[in-house]
Protein chains: 2
Amino acid sequence: MDSELILKSIARHIALEPREEEIFLKLLQPLKIKRKQFLLHRGEVCRHAVFVNSGCLRGYTIDANGFEHILSFAPTGWWIADMYSYITQEGGYLNIDALEDAQVLQLSKEHQESLFAQVPKFERYYRIITEKSLVSYQLRTLDNLSLTAQDRYLNFCRRYPSLINSIPQKYIASYIGVTPEFLSKMRKDMQKQGLW
Amino acid sequence: MDSELILKSIARHIALEPREEEIFLKLLQPLKIKRKQFLLHRGEVCRHAVFVNSGCLRGYTIDANGFEHILSFAPTGWWIADMYSYITQEGGYLNIDALEDAQVLQLSKEHQESLFAQVPKFERYYRIITEKSLVSYQLRTLDNLSLTAQDRYLNFCRRYPSLINSIPQKYIASYIGVTPEFLSKMRKDMQKQGLW
DNA sequence: AAAAGAGCTTAAGGTAGATTAAGAATGGGC
DNA sequence: GCCCATTCTTAATCTACCTTAAGCTCTTTT
């Protein structure tokens with residue numbers, strides 16, 4: 001099990017003793033996922049929070065007309081879960097699948113609670129990363145309310161530079177809230193305008 | 001200082017001993033705010049998380065064209081802050097003001113850290129309410145991506161029934177992302193359709 | 001009680017972005 | 001190295017929502 005990346009991510013927020021690292025790592029369950037393979041289907045209970053060691057996952061819904069809407073990408077070094085379902089342990093609303101072959105580390109809800117009991121410092125770690133995630137969704141909400149599709153796309157490019165050339169463009173369209181056709185047109189317009 | 005409401009809110013997530021309650025309450029600073037009075041201007045550092053004991057506040061931005069976009073309402077019993085600024089203690093992007101005369105309890109960032117040091121259980125409380133807030137912004141993001149303005153309005157009515165008749169309609173328009181004129185038209189259409 | 005302001009409604013005309021449909025380019029699986 | 005999938009592009013048409021502007025209804029102020 002490759003634990004270097006996740007320990008580095010944690011060390012950014014709390015300091016662990018070797019004993020505490022060991023407790024934590026024992027609670028993780030490694031898993032390999034193939035491209036297009038699902039980790040979670042809508043309606044299922046999300047039993048694990050998932051840390052991405054390599055590859056890229058996405059969380060998304062399908063609306064009444066069959067269109068996908070991507071809530072989140074999880075490239076290397078990010079966590080992903082259906083937070084609503086993970087918190088309540090009731091059926092969720094997200095599908096989670098892999099955009100590329102991926103290796104992940106899973107932390108079950110029960111193991112997380114056990115971790116909090118054994119090493120209370122982890123409450124702090126999860127509080128802090130949840131706060132950061134909250135801020136990014138707040139910014140995204142304001143972007144959705146106030147920006148044109150073109151500005152949302154430019155923001156996306158700034159915030160996720162690594163994804164621009166590694167995932168199909170249609171997924172970016174689905175994340176920023178436009179059709180693939182319109183994103184294609186925007187990109188052409190931006191080239192003409194010399195913005196690209 | 002009226003502390004009943006905030007203690008009840010906390011008791012829903014963690015159990016406090018009388019001694020711990022006392023420590024907490026001493027760190028709070030009560031404040032009265034008049035309608036239209038500002039708690040925070042864009043660009044300022046958000047030094048306090050604010051719990052609303054009575055009244056209603058809102059957090060919002062103003063875009064490049066001078067239009068307001070409401071990120072959050074904070075009616076009685078809710079917390080509000082510019083989370084980005086509160087976390088980083090750098091200049092923020094939100095204005096926060098009162099829609100009605102209000103009484104609030106302020107917890108400064110320094111006092112919050114002191115609270116975590118003295119009563120680590122509070123890490124858990126803030127983790128949990130941050131998780132819930134995160135989930136509600138995730139749902140809102142998906143609503144913005146997948147729903148029509150009319151469905152977003154119906155959702156708003158379901159989620160904030162107390163606000164529908166207590167705040168001006170133009171603020172609801174600004175929250176769901178339409179112009180006041182269009183919300184007015186939608187409501188008329190919904191009456192005709194018998195949806196109302 | 002008049003005046004001023006703030007919020008709401010109505011309606012005509014405009015635009016960002018969706019829909020539909022077709023063809024072109026890419027790329028993964030065998 | 002070929003084939004079928006998937007993805008991307010282009011363009012015409014359509015629509016949800018915006019803009020502008022005017023008049024109306026409440027409040028609040030004087």
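Protein chains get the first letters and strands the later ones, always in sequence-line order, with residue 1 at the start of each. Every value quoted in this text rests on a predicted model; they were computed, and no experiment measured them.
- Of the candidate nucleotides D:dT19, C:dG17, D:dC8, D:dT19 has the atom nearest to the side chain of B:Phe67.
- Neither OP1 nor OP2 of D:dA16 sits under 4.0 Å from any side-chain N or O of B:Gln150.
- At whole-Å resolution of the value, NZ in B:Lys36 and P in C:dG5 are 12 Å apart.
- C:dA6 has its base anti relative to the sugar, with a glycosidic angle deviating from 0 by more than 90°.
- The nearest whole Å value for the distance from the CZ atom in A:Arg35 to the P atom in D:dA5 is 15 Å.
- Distance from the side chain of B:Glu181 is smallest to D:dT20 among C:dC8, D:dC18, D:dT20.
- A donor-acceptor pair shorter than 3.5 Å cannot be found between the side chains of B:Arg152 and B:Asn155.
- Rounded to whole angstrom, the span from the NZ atom of A:Lys192 across to the C1' atom of D:dA11 amounts to 12 Å.
- Here the nucleotide nearest the side chain of A:Val178, chosen from D:dC18, C:dG7, C:dG17, is C:dG17.
- The only option from B:Lys192, B:Gln191, B:Lys185 that meets the side-chain hydrogen bond (donor to acceptor under 3.5 Å, both in side chains) definition with B:Asp189 turns out to be B:Lys185.
- The nearest whole Å value for the distance from the CZ atom in A:Arg187 to the P atom in D:dA11 is 17 Å.
- The CZ atom of B:Phe182 sits 15 Å away from the C1' atom of C:dA12 (whole-angstrom rounding).
- Centroid-to-centroid, the aromatic rings of B:Trp79 and B:Tyr86 stay 6.0 Å apart or farther.
- Base pairing of C:dT26: no nucleotide in any strand meets the Watson-Crick or G-U wobble criterion (both distances under 3.5 Å).
- The partner of D:dA5 is absent, by the rule that a Watson-Crick or G-U pair needs both atom distances under 3.5 Å.
- Comparing D:dC8, C:dC8, C:dG17 by their closest approach to the side chain of A:Thr148 singles out C:dG17.
- A cation-pi arrangement is present between B:Arg140 and B:Tyr175 under the rule of less than 6.0 angstrom and at most 45 degrees off the ring axis.
- Residue A:Thr179 places none of its side-chain N or O atoms closer than 4.0 Å to OP1 or OP2 of C:dG17.
- Within 4.0 Å (heavy atoms only), A:Lys188 reaches sugar-phosphate atoms of the nucleic acid but no base atom.
- Put simply, CG on A:Leu145 is 14 Å from C1' on D:dC17, counting in whole angstrom units.
- Taking NE2 from A:His13 and OH from A:Tyr125, the interatomic distance works out to 6.0 Å, rounded to the nearest 0.5 Å.
- Here D:dT7 presents its P atom at 14 Å from CG of A:Leu183, a figure rounded to the nearest Å.
- For A:Lys170, taking side-chain heavy atoms from C-beta onward, the closest of the listed nucleotides D:dC18, C:dG17, D:dT7 is D:dT7.
- The interatomic distance linking B:Lys185 (NZ) with D:dC18 (C1') rounds to 12 Å, in whole Å.
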